[in-house]
Amino acid sequence: MMEDYRLLTNEEILILEEHGCTAEDWTAIEVGEDFNAAALRNVAFYGTVRMGCFVKRMEISKGFVKPCGIRNATLRNVTIGDNCLIENVGGYINDYTIGDDCLISNVSIIETTEGATYGEGNLISVLNEAGDGNAIIFGNLNSQFAAFMVKHFTDKYIKDEIRRLINEDIRRNMPERGIIGNNVKIVGTKEITNTVIHDNCEINGASRMSDCSILNGPNDSVYIGTGVICENSIICNGSSIINSVKMQDCFVGEACHIANGFTASQSVFFANSYMSNGEACAAFCGPFSASHHKSSLLIGAQFSFYNAGSATNFSNHAYKMGPIHYGTLERGTKTASGSYVLMPAKIGAFSVCMGKLMHHPDTRDLPFSYLISYNDDMYLVPGRNITTVGLYRDIKKWPKRDRRSAGSQKSIVNFDWLSPFTVGGILRGKRILEKLREASGELQTQYNYYDYVINASSLRKGIKYYDIALRLYMGAVLKRAKKHGYFGVPTTEIGKGNWIDLSGLLLPESEETRLIHDIKNGTLETIQAVIDRFEEINSHYREYQWAWTYQMILDYYGLTEITEADADHIREEYIKARRIWIGEIRKDAEKEFAMGDVEDEVFNDFIDKLDHEIDYED
């Protein structure tokens, strides 16, 4: 962008007038030193306009090149950088700063109006579509901050401090008028008002962008496509919004894809979320949330590592080995009431019934389970998903599907499927099943847990599956501790106690408590300081995990310390459990293959991967 401007010469004014250009006041037009008046035709100037030079040619499409310049446009109070091509503006461009090397073609209106917010500071209500606002969207938001904000917005002191920090952050970054960055492409778009568009972004065929911020990263930009209407929203780097999406009062994080008529309001989407065809209202879509079907409505709930199917099918497991399988409720779904949905049942003769589940938050203590409705009965199959093909594929695929480029990963995503957070639930689940068996006896054919029926065989297998997972976890963490040199008594007390999941960040609850305290007492004085704290906590994850796991191992094996001999025994138990786990997954794969749903090549490839699991034992 030029910094030094000069007035037009009389000769340049004559050339402009000969080319059909007019001005309210020619002395209000300033240009760069190398300005080329011949590059402008049929341009009407109002207010103060500044322009750079137009000496290059711009590639419009592959092999199609045009000279830079301004043709058929009305400009008012606009600054335009070097080597832009602006043509066929049906309405006008008013109160905007446009960077270098931009293409703006066949648009109607680009304007900044009084009171523009660019989507920043918008208070929305998630988890409760009829409730008071509990989330403020702004450019530096990530999934951890959003989850923390929603969780604690009923705390007046926290709410007030968060509002203050966000307002200060917005004030520091709020532009005086709309900005279009460098190398931006805007074509075939009807209306852009009060919108900030960062470098390298593209808007192609959108209907309306109003009070929005479109943000880029070092290596990834945003694409807005045909028919999109976006209002009071923020869209982050690497995301694409295409094919007639309608979005209002939303935040879209990094590398999200929203397409095919999807409608969203008062919702947030983070880190690789994929939304198509359906609808979201007051939804908190954490990392790797997906919805593909027209009948899907995500409303008043919190999701992560989640795939919403059609109707009551919340994850399509009929294709567990096939390439179109998209995932399961690994972390779970949280509703506005705070309860959790268990792992979904397979589709087919059974369906997942949601109704009764919501009434008993205690069901969260039986993780990785299936809930199956059969006639009027609700059957709980505890721990079943631990040994399925679907979970195994999920463990492998999630890290590979992170499309965010290095250096622009604002939201933290921990991919550990077994962690103090999930293993804590597994420990509770195992104790619940053991107490049920102890209370009712081992000769029962069925056990009752609240309104749910657990068959005796399911209870026995549930205990077995949970125990496999525990030994897998302890062995893996112990192996890592020995490899990286921190085996022995933990050097910190942080990590002991309960763990939580802040939408991708796994952390000790004590660290969240410390964060709350430091926000309230002013230790953390900026939004960046809070975000840095999240990063700091995540950087110590292995250290805190070892503190938790060390105590867990002592309790599980009845030890007072972990000797080398104990470590060898735990490793043996780990290898044995791992082989049993892989064997159970193989049985699940063979069962699916026998149903005729999987091609030979897909099945053989999957079995080959299982055969190589022995390579990871050491």
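All figures in this text were calculated on a predicted structure; none of them were measured in a lab. Just so you know, these numbers use all the heavy atoms, side chains as well, and skip hydrogens, waters and symmetry mates.
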(Q) Does E536 have more than 12 heavy atoms from other residues, nucleotides or ligands lying within 6.0 Å of its CD? (A) yes
**Q.** Heavy-atom side-chain proximity of Y379 to L371 below 4.5 angstrom
**A.** no
Q) Side chains of N521 and T523: is there a donor and an acceptor less than 3.5 Å apart? A) yes
Q: Indicate the atoms forming the closest heavy-atom contact of Y465 with P382, along with that distance.
A: CD1-O, 4.3 Å
Q) Does any N or O in the side chain of D605 come within less than 3.5 Å of the main-chain N or O of E601, such that one atom is a donor and the other an acceptor? A) no
Q. Are Y473 and T549 linked by a side-chain donor-acceptor pair shorter than 3.5 Å?
A. yes
Q | Side chains of R384 and T387, donor plus acceptor under 3.5 Å | A | yes
Q.
Just so I know, are the side chains of T388 and Y370 near enough to count as touching, which here means a heavy-atom distance under 4.5 Å?
A. yes
Q) How far apart are the C-alpha atoms of Y392 and F606, what are their side-chain angles, what is the distance that settles it, and do they pass the ring pair (Phe, Tyr, Trp, His ring centres under 6.0 Å) test? A) CA-CA 10 Å; Y392 179 84; F606 184 81; 5.5 Å; yes
Q.
Is it the case that the side chain of Q144 and the backbone of S503 share a donor-acceptor pair, with hydrogens and angles ignored and the cut-off at 3.5 Å?
A. yes
Q: Answer yes or no: is there a side-chain heavy-atom contact under 4.5 Å between Y550 and I562?
A: yes
Q) Near K576 NZ, under 6.0 Å, is it more than 12 heavy atoms from other residues, nucleotides or ligands? A) no
Q.
When you measure from the side chain of S125 to the backbone of N134, do you find a donor-acceptor pair of N or O atoms at a distance under 3.5 Å?
A. no
Q) Between M275 and C285, what is the shortest heavy-atom contact and its length? A) CE-SG, 3.9 Å
Q.
Would you say that more than 12 heavy atoms from the other residues, nucleotides or ligands in this model lie under 6.0 Å from the CG of D132, or not?
A. no
Q: Work out which heavy atom in S510 is nearest to a heavy atom in I494; give both atom names and the distance.
A: OG-CG2, 4.3 Å
Q | Basic-acidic side-chain contact under 4.0 Å: E584, K464 | A | yes
Q) Any side-chain heavy atom of V477 within less than 4.5 Å of one from R542? A) no
(Q) Looking at V453, is its backbone amide N or carbonyl O close enough to the side chain of N448 to form a donor-acceptor pair, meaning the two atoms are under 3.5 Å apart? (A) no
Q: Kindly indicate whether the side chain of E161, heavy atoms from C-beta on, has any atom under 4.5 Å from the side chain of L524.
A: no
Q. What distance separates Y306 OH from S273 OG, expressed to the nearest 0.5 Å?
A. 12.0 Å
Q) Any side-chain donor-acceptor pair under 3.5 Å between D416 and Y541? A) yes
Q) Going by an N to O cut-off under 4.0 Å, is there a salt bridge joining R431 and E434? A) no
Q) Does the side-chain contact (heavy atoms from CB on, under 4.5 Å) test come out yes or no for L505 and V413, once each step is laid out? A) CA-CA 6 Å; L505 170 63; V413 182; over 6 Å; no
(Q) Counting only heavy atoms not in E543 (residues, nucleotides, ligands), do more than 12 fall under 6.0 Å from its CD? (A) yes
Q. Would a distance-only check, ignoring hydrogens and angles, find a side-chain to backbone donor-acceptor pair under 3.5 Å from S276 to H293?
A. no
Q: State whether D611 and R586 are salt-bridged, where the test is any N-O pair (Lys NZ or Arg NE/NH1/NH2 against Asp/Glu carboxylate O) under 4.0 Å.
A: yes
(Q) Could you tell me if the side chain of K410 sits less than 4.5 Å from the side chain of S143, heavy atoms only? (A) no
Q) Are a donor atom and an acceptor atom from the side chains of D467 and Y556 found within less than 3.5 Å of each other? A) yes
Q. Y157 ring centre to K520 NZ or CZ under 6.0 Å, with the angle to the axis within 45°?
A. no
Q.
If I compare all heavy atoms of F487 with all of A567, which pair ends up nearest, and what's the gap?
A. CZ-CB, 4.0 Å
Q: Decide whether Y557 and D566 meet the rule of one side-chain donor and one side-chain acceptor closer than 3.5 Å.
A: no
Q. With a 4.5 Å limit on heavy-atom distance, are the side chains of R403 and H257 in contact?
A. yes
Q. Backbone N or O of D608 within a donor-acceptor pair of the H612 side chain at under 3.5 Å?
A. yes
Q: Looking only at non-hydrogen atoms, find the nearest pair between A577 and L472 and report the distance.
A: C-CD2, 4.2 Å
Q. If you count the non-hydrogen atoms of other residues, nucleotides and ligands that lie under 6.0 Å from NZ in K430, is the total more than 12?
A. yes
Q) Are any of the side-chain nitrogens in K496 or E509 under 4.0 Å away from the carboxylate oxygens of its partner? A) no
(Q) Minimum heavy-atom separation for G383 and Y466, please, with both atom names. (A) N-OH, 3.5 Å
Q. So, do I386 and W581 sit near enough that their side-chain heavy atoms are less than 4.5 Å apart?
A. yes
Q | F270/F288 aromatic ring centres below 6.0 Å | A | no
Q | Gap separating the CZ atom of R514 from the CD1 atom of I519, nearest 0.5 angstrom | A | 11.5 Å
Q) Between E511 and L507, is there a donor-acceptor pair closer than 3.5 Å when you use the side chain of the first and the backbone of the second? A) no
Q | Reported CZ-to-CZ distance for the pair R578 and R571, which is rounded to 0.5 angstrom | A | 11.0 Å
Q: Would you check, one step at a time, whether the test side-chain contact (heavy atoms from CB on, under 4.5 Å) holds for I516 with H152?
A: CA-CA 9 Å; I516 292 170; H152 297 288; 3.4 Å; yes
Q. Does a donor on one side chain sit under 3.5 Å from an acceptor on the other, for S405 and S408?
A. yes
Q.
Has W417 got a side-chain atom pairing as donor or acceptor with T422's backbone, closer than 3.5 angstrom?
A. no
(Q) Between L433 and L366, is the side-chain contact (heavy atoms from CB on, under 4.5 Å) condition met? List the steps. (A) CA-CA 9 Å; L433 298 180; L366 290 169; 4.1 Å; yes
Q: Measure the spacing between SG of C256 and CZ of F251 and express it to the nearest 0.5 Å.
A: 8.5 Å
Q) How long is the span from the CG atom in L391 to the CD1 atom in I585, to the nearest 0.5 Å? A) 7.0 Å
Q | Side chains of N237 and E254, donor plus acceptor under 3.5 Å | A | no
Q) On the ring face of Y616, is K396 found with NZ or CZ under 6.0 Å from the centre and within 45° of the axis? A) yes
Q | Mutual orientation of the aromatic rings belonging to F148 and F145 [parallel < 30°, tilted 30-60°, perpendicular > 60°] | A | perpendicular
Q.
With rounding to the nearest 0.5 angstrom, report the CH2 to CD distance, W499 to E512.
A. 13.0 Å
Q: Would you please test I426 and L418 for side-chain contact (heavy atoms from CB on, under 4.5 Å) and show each step?
A: CA-CA 9 Å; I426 289 171; L418 290 176; 3.8 Å; yes
